[in-house]
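Every value quoted in this text rests on a predicted model; they were computed, and no experiment measured them. Lettering of chains follows the sequences in order, A, B, ..., and the numbering in each one begins at 1.
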Amino acid sequence: MDLVATRFAPSPTGPLHIGGIRTALFNWLFSKNNKGKFYLRIEDTDKDRSKDIYKSQIIQSLKWIGIQHDDKEYIQSEKIVKHKEIANELLKKGFAYKCYCTENEIAEQKAKAKKMGTPFIYNRKCRDSKNLKITENINPVIRFKSKISGNAIVKDLVQGEINISNSTIEDFIILRKDGTPTYQLSAVVDDHLMNISHIIRGDDHKINTFKQKQIYEAMKWKIPEFAHIPLIHSSDGKKLSKRDSTSNLSEYIKIGILPEALRNYLLRLGWSHKDKEIFSLEESIKYFNLSGVGKSPSKLDKVRILSINEHYIKNMKEKDLYKNFKEYCQIHKKKIDGNLENKIMNSMYFLKNKAKCLEDIYKNAEYIIIKELNINPGDHALIDDNSKKIIKDFNEKIKESKKFDKGFLEKCINDLIEKHKTNLKGVGQPLRIMLTGSKFGPGIYDIILSLGKEEVEKRLNKLS
RNA sequence: GGUCCCAUCGUCUAACGGUUAGGACAGAUGGUUUUCAAUCAUCUAAUCGGGGUUCGAUUCCCCGUGGGACCGCCA
C-alpha cells in the first residue's frame, strides 16, 4: 500500500471552529495510525476574505491541541500558476470550455428557476460552440464539461456507496473571469500534487466529490479515497455557526479547558471504540479508524466537555497541573506572586478537588491569591460573640505553637470544641469565614495549612 | 423546491440477526462530610411510526415522519 497522506485544508477567513478542529484531529489521527503524513494546507485563494491573522490563528489552534503537521504549511495561493496550467490543459483536451454568459444572465435564470420551483443548474449554453457569442468586452470563465447522462458512484469510507445522477451536476466553473482558479480545481490539483491518499472532510463537501472526481478522471490522475464525516451541531440541533460562542475554541481556552481533555472529547464525538471513554494520546493513535466513525451528526455538549476536563484535572500530576494553572492565570486572570507559588502548588491536591476547569481552580485559590478579602456580609453575620471568642482563643493558641501542622491543629481545635462546648462546625465555620471570606470552601485544616501561620494570624487579627 | 445523507436513554454512544438493549455525561435518592464539593451505593431513562423478509429483528428491505448537508465566478 502506498504511503498514507492526509491533509487539513481550512480557508483563513475566520478562526477555526470546533468542527474544523475535529476534522483536523481525525485526519491527523488517521495518518498517525497508518504511519503516514499529515499536511496543513491553507486555502487562501479568496483574496478578499483571507487574512494572515487567521492563518496564524489556525496554526496556533492546532498546536494548542497537540496536532502538528508535517513539512511547512502549504499555501494554496502560491500554486495558482499550476492550477491555471491544468485548467488550460483541460480546455485543450476538450474537458472544459469557455463560457461568455454574464453574471446577470445567470442570476436571471436562477431567479426564474426559483420562481418556478425547479432546480437550477447552468443551462450549458456555451458548451456547444455553435451557441458561442464571443463578445469583445467580456472575459470568459472556464467551465468543466460535466457528464450529462448516467450515474456516478463514490465509495466513501464513512458513508458507504453514494449514488447520484450525473444530470444533477452542473458545468461548474474552474477558472473565474479574472483568470483565477476556483476551489473545485485548486483542491484537486493540490491534493494530486501533494500525493494525498485519503481525503477526510466534513460531509458538507460530499457533493463536491462528484465534481472533483471528474477532474481526476479527465487528467487520468489517481483518485484518492474519500471519507465524509458528519457535521457537529450546536446544542439546539442547528448547524454550528461561527457566531455561536460554543463553537469557538477561545471560549474553552478562556475557562481553562485542557487541550488533552478537548482532544479526548472531540475524538469521542462521532467516533467510538467499544465502551472506552478516556483515551490517552497514544491510545487514540493506536485505535483510531474510519470504521468507528458514525454517520449521524452529533451535538456539542459543554457539560460533557467540562466533565472530561474534570477527569483530566483529577488525574494529572499536581506538578503538571500547577504548571498549566500558572500559565492560565498569567494569561487569563492575574499573575501569581512569586511568594505564593509554593503555597498554591502545595495546595493543588485539594484546590483541584471541586474543579471542572482551571477557572474553577482559580476561584478555589482566590482566597490565597487575593490580599484583601471581601467578606460576604451575610456570612460575616454568622460570626457571633461566641464565635469571636473562639477565633481569639485560636489565634492565641497558634501564636505560642512551634510546630504548625495538622496534628497540632487538630489538637488545637479539639481543645476549643471542648472548652466552648461546641462542635467542629462551631469552630470551623467562623474560622473559614475569617480566612476565606466565605462559608463555602475547602476543609478547614487545608485552608489553615495552605495560608501558613503568619497569614492566618494576620487575617484573624482583623477581627473587630 | 431538487439531489444526497442520517435516525438507540435528555446528550455522546455500544450491541455489525438471537443481550434482562450495555457504558459514559447529565438527573434523582441514600451513606459519608463543620460548609460547598468530592466520593461510595442505588435508581430513573432509549431502539421515530407502519409494513414486509426471517424461527427470530435495534440490526436487512420498502413506505411514511422527523432532522441535516449541498444547490456561489466562497471554500
Non-hydrogen side-chain atoms of A/D360 and A/K352 separated by less than 4.5 Å: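 In short, these two side chains do not touch, never coming nearer than 4.5 Å.
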[X] side chain, from C-beta outward: closest of [options]:
{"X": "A/S296", "options": "B/G23, B/C6, B/A75", "answer": "B/C6"}
{"X": "A/S298", "options": "B/C4, B/C12, B/A75", "answer": "B/C12"}
{"X": "A/K177", "options": "B/C5, B/C73, B/U3", "answer": "B/C73"}
{"X": "A/K295", "options": "B/U34, B/A75, B/C6", "answer": "B/C6"}
{"X": "A/R304", "options": "B/A38, B/C5, B/C12", "answer": "B/C12"}
{"X": "A/L424", "options": "B/C36, B/U11, B/U34", "answer": "B/U34"}
{"X": "A/H205", "options": "B/U13, B/A75, B/C6", "answer": "B/A75"}
{"X": "A/Q76", "options": "B/A14, B/C36, B/A75", "answer": "B/A75"}
{"X": "A/D275", "options": "B/U13, B/A69, B/G22", "answer": "B/G22"}
{"X": "A/K314", "options": "B/C73, B/C12, B/A38", "answer": "B/A38"}

Using a distance-only criterion (donor-acceptor N/O pair, under 3.5 Å, no hydrogens), is the base of B/A75 paired with the side chain of A/R49?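 Flag unset: no donor-acceptor pair detected.
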Between the base of B/U34 and the side chain of A/R432, is there any donor-acceptor pair under 3.5 Å?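 Side chain to base: pair found, below 3.5 Å.
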My understanding is that a pair needs two contacts under 3.5 Å, Watson-Crick or G-U wobble. By that rule, which nucleotide pairs with [N]?
{"N": "B/C4", "value": "B/G68"}
{"N": "B/G30", "value": "B/C40"}
{"N": "B/A24", "value": "B/U11"}
{"N": "B/G18", "value": "B/C55"}

Taking the basic N atoms (NZ, or NE/NH1/NH2) and the acidic carboxylate oxygens, is any pair closer than 4.0 Å for A/D171 and A/R127?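 Answer for the salt bridge query: yes.
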What is the distance, rounded to the nearest whole Å, between atom [atom1] of [X] and atom [atom2] of [N]?
{"X": "A/D171", "N": "B/C73", "atom1": "CG", "atom2": "C1'", "value": "14 Å"}
{"X": "A/I164", "N": "B/C70", "atom1": "CD1", "atom2": "C1'", "value": "9 Å"}
{"X": "A/K421", "N": "B/U34", "atom1": "NZ", "atom2": "P", "value": "21 Å"}
{"X": "A/K206", "N": "B/C70", "atom1": "NZ", "atom2": "P", "value": "11 Å"}
{"X": "A/D446", "N": "B/U34", "atom1": "CG", "atom2": "C1'", "value": "13 Å"}
{"X": "A/Y183", "N": "B/G72", "atom1": "OH", "atom2": "P", "value": "15 Å"}
{"X": "A/F226", "N": "B/C4", "atom1": "CZ", "atom2": "P", "value": "19 Å"}

Across the strands shown, which category fits [X] at heavy-atom distances under 4.0 angstrom: base, sugar-phosphate, nothing?
{"X": "A/N364", "result": "nothing"}
{"X": "A/E43", "result": "sugar-phosphate"}
{"X": "A/E277", "result": "base"}
{"X": "A/I162", "result": "sugar-phosphate"}
{"X": "A/D301", "result": "sugar-phosphate"}
{"X": "A/G443", "result": "base"}
{"X": "A/V141", "result": "base"}
{"X": "A/K110", "result": "sugar-phosphate"}

Please say which of A/I305, A/L25, A/I308 ends up in a side chain to side chain contact (heavy atoms under 4.5 Å, CB included) with A/L266.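 Result: among A/I305, A/L25, A/I308, A/L25 is the only option passing the side chain to side chain contact (heavy atoms under 4.5 Å, CB included) with A/L266.
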Is the distance between the ring centroids of A/Y183 and A/H205 under 6.0 Å?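 Centroid separation for A/H205 and A/Y183: below 6.0 Å.
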Specify the residue among A/Y265 and A/A9 whose closest nucleotide of RNA chain B lies further upstream toward the 5′ end.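 The answer here is A/Y265.
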Starting at the 5' end of RNA chain B, which residue's closest nucleotide do you reach first, A/I444 or A/N353?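 Closest to the 5' end, via its nearest nucleotide, is A/I444.
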A/S307 side-chain N/O to B/A24 phosphate OP1/OP2 under 4.0 Å: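 It does not, given that no N or O in the side chain of A/S307 lies less than 4.0 Å from OP1 or OP2 of B/A24.
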Is it true that, when you exclude A/K314 itself, more than 12 heavy atoms of the residues, nucleotides or ligands shown sit nearer than 6.0 Å to its NZ?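 Yes, because the 6.0 Å sphere around NZ of A/K314 holds more than 12 heavy atoms from other groups.
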A/K425, NZ: over 12 other non-hydrogen atoms inside 6.0 angstrom: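 No, the 6.0 Å shell around NZ holds no more than 12 heavy atoms from other groups.
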For atom C1', what is the distance between B/U11 and B/A46, given to the nearest Å?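 It comes out at 12 Å once rounded to the nearest Å.
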Consider only side-chain N and O atoms of A/S450 and A/Y367, and report whether a donor and an acceptor are under 3.5 Å apart.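 Side-chain D/A pair, A/S450 to A/Y367: present.
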